[in-house]
Q: 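Got a structure for you, written out below as structure tokens; questions coming shortly.
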Amino acid sequence: MHAFSYAAAVKQLAGVEFVGIADPDASRAADVAKKFGVKAFADYKELLSGDVDGVIICSENINHRPDVELAASYGKHIMCEKPLAPSMDDAWAMVETCKNAGVKLQTAFPCRYHPAFIRLKKAVESGDLGKILAVKATNQGKCPWGWFVDKKLSGGGAVIDHTVHVMDLMRYMTGAEPVRVYAEIDNKMYGKDFDDTGILTVDFSNGMFATIDASWSRPKSFPFWGNVKMEVTGDQGIANMDMFAQKVEAFYDKTMGASYEYWGDNIDLALVASFVRSIAEDTPAEVTGEDGARAVAVALAAYESAKTGKPVEISR
Amino acid sequence: MKRVGVIGAGTMGRTHASAYARMASAKVAAICDPRADVAEEVAKSFSARVFTDVEKMLAEGEIDVVDICTPTITHADYVKAAAAAGKHVSCEKPLARTVEQAEEAVKACEDAGVTLFIAHVLRWFPEYRKLRELVKSGAVGEAVEVRTSRGGPLSRGISDWYADLKQSGGAVLDVVIHDFDWLRTCFGDVKRVYARGLYESGIPRMDYALVTLRFESGVIAHVEATYARPSGFVTSVEIAGNEGLLNYRNMDSMPIVIECRAKEGMSSGVIVPESPTAYDPYYLELEHFITCLEEGRTPDVTPRDGVEAVRICEAALTSITTGEPVVLR
């Protein structure tokens, strides 16, 4: 899903050499590599054996762990797509492996780099909003289909896919940790063997509460892929962030449809730039593997809550 | 012609009285408020009699209908008193502070054979009528997930009663009971409620709650209740169905915005967005009530609807307090 965007970022950034694209599907690797004018590898090991400092892993969720472990064994720094892994065992194992191998593990949470979020975080930290009491967030998108809806490869549907972005923003913004999760989850949008709808309620270590709408509830006809929104309530004020509000509303006769043409900053570019920077300057990853693991824990707790009908405590 | 006695001469009492006054088949016959001067002032414009005591108005006011527009904790007792006096009743939402009181009020009306109407006015707001019409017509297929939002700064009432969350039930019982009732008209009864909120927080003059409802039909609804906004009154509804999406935000639906230059002594001008309609929803709901009385029909908001709306609120407040989901059925 994001491989193309990250690849374009790598291509665009100064001081970075784009070595190549690896995919077990040789013809796919060749096609994409050609598009970016780089070398194609049908075997990850071939790429990893070469003169490469860092890799960006955009494989299916279930393959994040073996792919990260392989890259770490070659001593490469890693940025791994979110969700970090479909299980906590995998997630913490990946964190551990990279630590032991002495390589950086960065979770791909680009939303941290959006100027609107940076401004929101500043408003929270400055105390302008007073004590933060509650956050109402949505990450609603269109169904991405493909392997995202194949639980054997994804480990879950909309909830694991869309909980983690805003959960990470909440943790990063407040410094508080999620401690308790309740969720109502269902599959009625598509009626298939994957969750497409979820409302999570989360209690935090600082006493605030939050809800997250993690759903693939935007219809096919929706003029944009989806949204990332946060409404923060403090005892001295409120703040509303609509991350992709910087848009032109377009109506096209060619397709008889509407489209939101986003003109805000490219957050994938900023994310990749931070990964590159941390390698070049040998600084810790700005978004860590642990951040990725802690966000996944909330999504997994949500699945358990929906199954049991009870709130679930987050242990670690 | 129905002769109406209005109890409570505050904002809602005045709104209701002026609505009755515009109807051919209703007359504001009496205004009752313990503040004699306030009652007097409101009664004057309707040539209505003034009372400071409810029992006295019921006995001597020559009225057919009682309209209750008082603080929430008094509703159930006034409904029972009106029923005992054989008067039909319109009661402002919520029907009562608790489910138990609401059920008692309903029983009193049943026993007395009088009609009980609960003023869940949101049903008569044209945007909510349009949304319900679209949902019911299957415009977006089967509804799957619904989000609503409502609120502004804490309301100012007599003795600042809204600020006492134990009395008013806070933003849940006073504000989003509107959404709960309206959601029931769209999606049926609620099975399970989970909520977090500031009900027990003790923060002065503020409330905020996020409520998740699971309906028996399977629909999941997320309801935001706020008394935490510094300014402005905001409402929104989003209905995601398996064949489409409906989205409404009041602030994006203002057909007239009047903006005046700053007058002397003011640092900035004033912007006032408005959404006028030919008939206001309060008139429409009370006209419906009076018409039902005239024609001997049951109003669209039934006593059970009134009880169920309070039941969802009570479950949400319980969930906020206990941190556990509350299963209703």
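Note on naming: letters A, B, ... go to the chains in the order of the sequence lines (proteins, then strands), and numbering restarts at 1 for each one.
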Q: Out of A/K131, A/K310, A/R218, which one racks up the most heavy-atom pairs below 4.5 Å with chain B?
A: A/R218
Q: Checking side-chain hydrogen bond (donor to acceptor under 3.5 Å, both in side chains) for the pair A/D203/A/Y182: CA distance, chi angles, key distance, verdict?
A: CA-CA 9 Å; A/D203 293 340; A/Y182 177 85; over 6 Å; no
Q: Find the one option among A/E184, A/R180, A/K188 whose heavy-atom pairs under 4.5 Å with chain B are most numerous.
A: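 Highest number of heavy-atom pairs under 4.5 Å: A/E184.
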Q: What residues of residues 133-170 of chain B sit under 4.5 Å from chain A when only non-hydrogen atoms are counted?
A: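 Within residues 133-170 of chain B, the residues that come under 4.5 Å of chain A (heavy atoms only) are B/V144, B/E145, B/R147, B/S149.
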Q: Could you tell me if A/S217 and A/D196 have a donor-acceptor pair between their side chains, going purely by distance under 3.5 Å?
A: no
Q: Hey, are B/E103 and B/R304 close enough for a salt bridge, meaning a charged N less than 4.0 Å from a carboxylate O?
A: no
Q: What part of B/I220 gets closer than 4.5 Å to chain A, counting heavy atoms only: side chain, backbone, both or neither?
A: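 Only the side chain of B/I220 comes within 4.5 Å of chain A.
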Q: Let me know if A/Y190 has heavy atoms under 4.5 Å from chain B in its side chain, its backbone, both or neither.
A: neither
Q: Rounded to the nearest 0.5 Å, how far does CG of A/N187 lie from CH2 of A/W216?
A: 11.5 Å
Q: Sort out for me which of B/A221, B/G323, B/S201 touches chain A most, counting heavy-atom pairs under 4.5 Å.
A: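 Ranked by contacts with chain A, first place is B/G323.
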Q: In terms of heavy-atom proximity below 4.5 Å to chain A, should B/L210 be classed as side chain, backbone, both, or neither?
A: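 Looking at B/L210, backbone and side chain both touch chain A.
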Q: With only heavy atoms counted, which part of A/V202 is less than 4.5 Å from chain B, the side chain, the backbone, both or neither?
A: neither
Q: Indicate every side-chain donor-acceptor pair of residues 250-259 of chain B with a distance under 3.5 Å to a residue at least two apart or in another chain.
A:
from: B/N250; atom 1: OD1; to: B/T235; atom 2: N; distance (Å): 3.0
from: B/N250; atom 1: ND2; to: B/F233; atom 2: O; distance (Å): 2.9
from: B/D252; atom 1: OD2; to: B/R249; atom 2: NE; distance (Å): 2.5
from: B/D252; atom 1: OD2; to: B/R249; atom 2: NH2; distance (Å): 3.0
from: B/S253; atom 1: OG; to: B/R249; atom 2: O; distance (Å): 2.9

Q: Decide whether B/Y208 and B/E224 meet the rule of one side-chain donor and one side-chain acceptor closer than 3.5 Å.
A: yes
Q: At their closest point, which heavy atom of B/E324 faces which heavy atom of A/P311, and how far apart are they?
A: OE1-CD, 3.5 Å
Q: If I measure from the heavy atoms of chain B, does A/S221 come under 4.5 Å with its side chain, its backbone, both, or neither?
A: neither
Q: In terms of the angle between their ring planes, are A/F224 and A/F244 parallel, tilted or perpendicular, with boundaries placed at 30° and 60°?
A: tilted
Q: Could you tell me which portion of A/D213 (side chain, backbone, both or neither) has an atom closer than 4.5 angstrom to a non-hydrogen atom of chain B?
A: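 Both parts, heavy atoms under 4.5 Å.
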Q: What I want to check is whether the side chains of A/H162 and A/Q140 have a donor and an acceptor closer together than 3.5 Å.
A: no
Q: Closest approach of A/A91 and A/L84, non-hydrogen atoms and distance?
A: O-CD2, 4.1 Å
